[in-house]
Each structure stands twice: as C-alpha cells, then as structure tokens.
Amino acid sequence: MRRIITFGTFDVFHIGHVNILERAKEFGDYLIVGVSSDALNFSKKKRYPIFSEEQRMRMVNALHCVDEVFLEESLELKDKYLKEYSADMLIMGDDWSGRFDCFSDICKVRYLPRTKDISTSEIIDTIRKMDC
Ligand code: C2G
C-alpha cells in the first residue's frame, strides 16, 4: 500500500484544497493529512485561522479521498511526521516548490500546480470588501 502525506492549514476550505487533496490521493492508496495547528498559524502569520484546528481537521477528514488526519504542530517536525506515518511520498502545492526537497532521503517529494485564482486570503479580502 502506497502512503501519501501532505500538509496544510485548509482554512476557509475551498476548491483549491479539494483539488490538491484529490490529486494527491491519485498518487497512492492511503492519504494522510497534517493540518496545521492554530498556534503554528499564529506563530507564522500573526493571526489565528478563521476556523479552529478541530473544525479544520473534521472538514478535511470528511472528504472521501482522505484516510487519516493529524495535527501539525511545528514546521520543524516534518521528518518526524514523515517517519511516524511511514510516508512513501510527500505532496505539496508548487507554492512550496523546492522547500521540502531536503526530505527526499526519507520519501519521494512532489509538488503539484496550485489551483489558479483562489486562496483563503483572497476570499477573506473579498468578503471584507463586500458592501452590505
Ligand atoms: N493550494 C492549492 N491551490 C490553491 C490554494 C492552496 O493547490 N489555490 C494547496 C497549497 O499549495 C497547499 C495546500 O493547498 O499544498 C494547503 O494550502 P494552505 O491551506 O494555504 O496551507 P499552507 O499555509 O500552505 O500550510 O507544513 C506546511 C504548512 O502546513 C502548509
């Protein structure tokens, strides 16, 4: 059985997230998703996600293509997670291109093209600018 792993925040869940998760699953049989914690997001972006880590994990886990989710608590623990979940391949969107090549001694690393014209921050901006 080929085990695929990917990571992300998956806040304000949108079609770009569905696309990468479905495409990631096509590379194997079992898809594991590390959902970044609220605290990790705060440390990276100085703001908390709109949806809590519990809600984001439940939404990702509800997808057909996802077999298992866990909480990603630190960017520095990638090698530990890859080993702990016996990943054969790490897949990320190409906004992360090259960033995880250092793990290619643990598993294959592959970057898939991002879905164009959609992102959590653009959705938040659009809603903010709505005249209501
Ligand atoms: N993504 C995509 N197309 C978009 C938006 C996002 O393919 N239009 C992909 C990203 O490339 C990433 C995944 O969806 O692989 C999750 O994206 P985010 O929720 O933005 O997660 P991010 O903040 O990149 O967190 O350890 C890494 C982090 O946890 C990744």
Side-chain angles (χ1 to χ4, degrees):
M1 190 165 68
R2 213 167 148 75
R3 294 167 67 86
I4 311 298
I5 196 166
T6 190
F7 295 86
T9 307
F10 304 105
D11 191 26
V12 188
F13 199 81
H14 59 68
I15 195 69
H17 296 142
V18 175
N19 286 340
I20 191 140
L21 293 170
E22 287 188 344
R23 282 181 295 157
K25 180 63 175 275
E26 287 169 12
F27 286 83
D29 312 290
Y30 193 84
L31 178 61
I32 304 146
V33 185
V35 175
S36 60
S37 70
D38 293 341
L40 173 54
N41 274 274
F42 190 79
S43 72
K44 275 196 312 191
K45 302 175 188 167
K46 297 292 162 252
R47 71 162 181 86
Y48 286 105
I50 304 289
F51 296 129
S52 70
E53 59 195 29
E54 290 82 11
Q55 291 175 348
R56 290 181 289 112
M57 286 176 81
R58 278 194 59 191
M59 285 189 274
V60 171
N61 201 218
L63 296 170
H64 269 310
C65 59
V66 174
D67 297 290
E68 188 172 346
V69 300
F70 69 93
L71 196 62
E72 178 192 26
E73 297 195 80
S74 164
L75 293 178
E76 316 309 319
L77 294 176
K78 282 248 163 24
D79 55 342
K80 173 183 162 291
Y81 296 133
L82 297 178
K83 288 175 190 159
E84 193 174 318
Y85 289 93
S86 307
D88 296 303
M89 188 184 278
L90 165 62
I91 291 187
M92 292 297 296
D94 62 4
D95 46 324
W96 289 93
S97 246
R99 294 277 295 276
F100 300 125
D101 289 357
C102 52
F103 301 119
S104 48
D105 54 334
I106 303 176
C107 66
K108 290 202 171 105
V109 179
R110 186 150 185 165
Y111 307 95
L112 303 180
R114 263 174 80 89
T115 302
K116 287 193 175 58
D117 301 329
I118 189 155
S119 73
T120 297
S121 33
E122 282 170 65
I123 294 170
I124 294 171
D125 271 2
T126 305
I127 295 171
R128 269 213 186 104
K129 286 177 193 147
M130 275 179 174
D131 189 13
C132 37

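First listed ligand is number 1; within each ligand, the first listed atom is number 1.
A donor atom on one side chain and an acceptor atom on the other are found under 3.5 Å apart for Glu68 and Tyr30.
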As a test of reading the model: which N/O atoms of the protein lie under 3.5 Å from N/O atoms of ligand 1, and at what distance?
unit_1: ligand 1; atom_1: 3 (N); unit_2: Thr115; atom_2: N; d: 3.1
unit_1: ligand 1; atom_1: 8 (N); unit_2: Thr115; atom_2: O; d: 2.8
unit_1: ligand 1; atom_1: 8 (N); unit_2: Ile118; atom_2: O; d: 2.7
unit_1: ligand 1; atom_1: 11 (O); unit_2: Gly93; atom_2: N; d: 3.4
unit_1: ligand 1; atom_1: 11 (O); unit_2: Asp95; atom_2: OD1; d: 2.5
unit_1: ligand 1; atom_1: 15 (O); unit_2: Gly93; atom_2: N; d: 3.0
unit_1: ligand 1; atom_1: 19 (O); unit_2: Thr9; atom_2: N; d: 3.2
unit_1: ligand 1; atom_1: 19 (O); unit_2: Phe10; atom_2: N; d: 2.8
unit_1: ligand 1; atom_1: 19 (O); unit_2: His17; atom_2: NE2; d: 3.4
unit_1: ligand 1; atom_1: 21 (O); unit_2: Thr9; atom_2: N; d: 3.0
unit_1: ligand 1; atom_1: 23 (O); unit_2: Thr9; atom_2: OG1; d: 3.1
unit_1: ligand 1; atom_1: 24 (O); unit_2: Trp96; atom_2: NE1; d: 2.9
unit_1: ligand 1; atom_1: 26 (O); unit_2: Glu72; atom_2: OE1; d: 3.2
unit_1: ligand 1; atom_1: 26 (O); unit_2: Glu72; atom_2: OE2; d: 2.6
unit_1: ligand 1; atom_1: 26 (O); unit_2: Lys78; atom_2: NZ; d: 2.6
unit_1: ligand 1; atom_1: 29 (O); unit_2: Glu72; atom_2: OE1; d: 2.6

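Residues passing the ring pair (Phe, Tyr, Trp, His ring centres under 6.0 Å) test with Phe27, sequence neighbours excluded: none. In this view, Ser97 and Asp94, Tyr111 satisfy the side chain to side chain contact (heavy atoms under 4.5 Å, CB included) rule, not counting sequence neighbours.
Applying the side chain to side chain donor-acceptor pair (under 3.5 Å) test to pairs two or more places apart or on separate chains, those with a residue in residues 6-16 are Thr9-Ser36, Thr9-Asn41, His14-His17.
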side-chain contact (heavy atoms from CB on, under 4.5 Å) evaluation trace for Asp67 with Arg3: CA-CA 10 Å; Asp67 297 290; Arg3 294 167 67 86; over 6 Å; no

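With hydrogens and angles ignored, the 3.5 Å screen pairs no side-chain donor or acceptor of Asp38 with any backbone N or O of Ser52.
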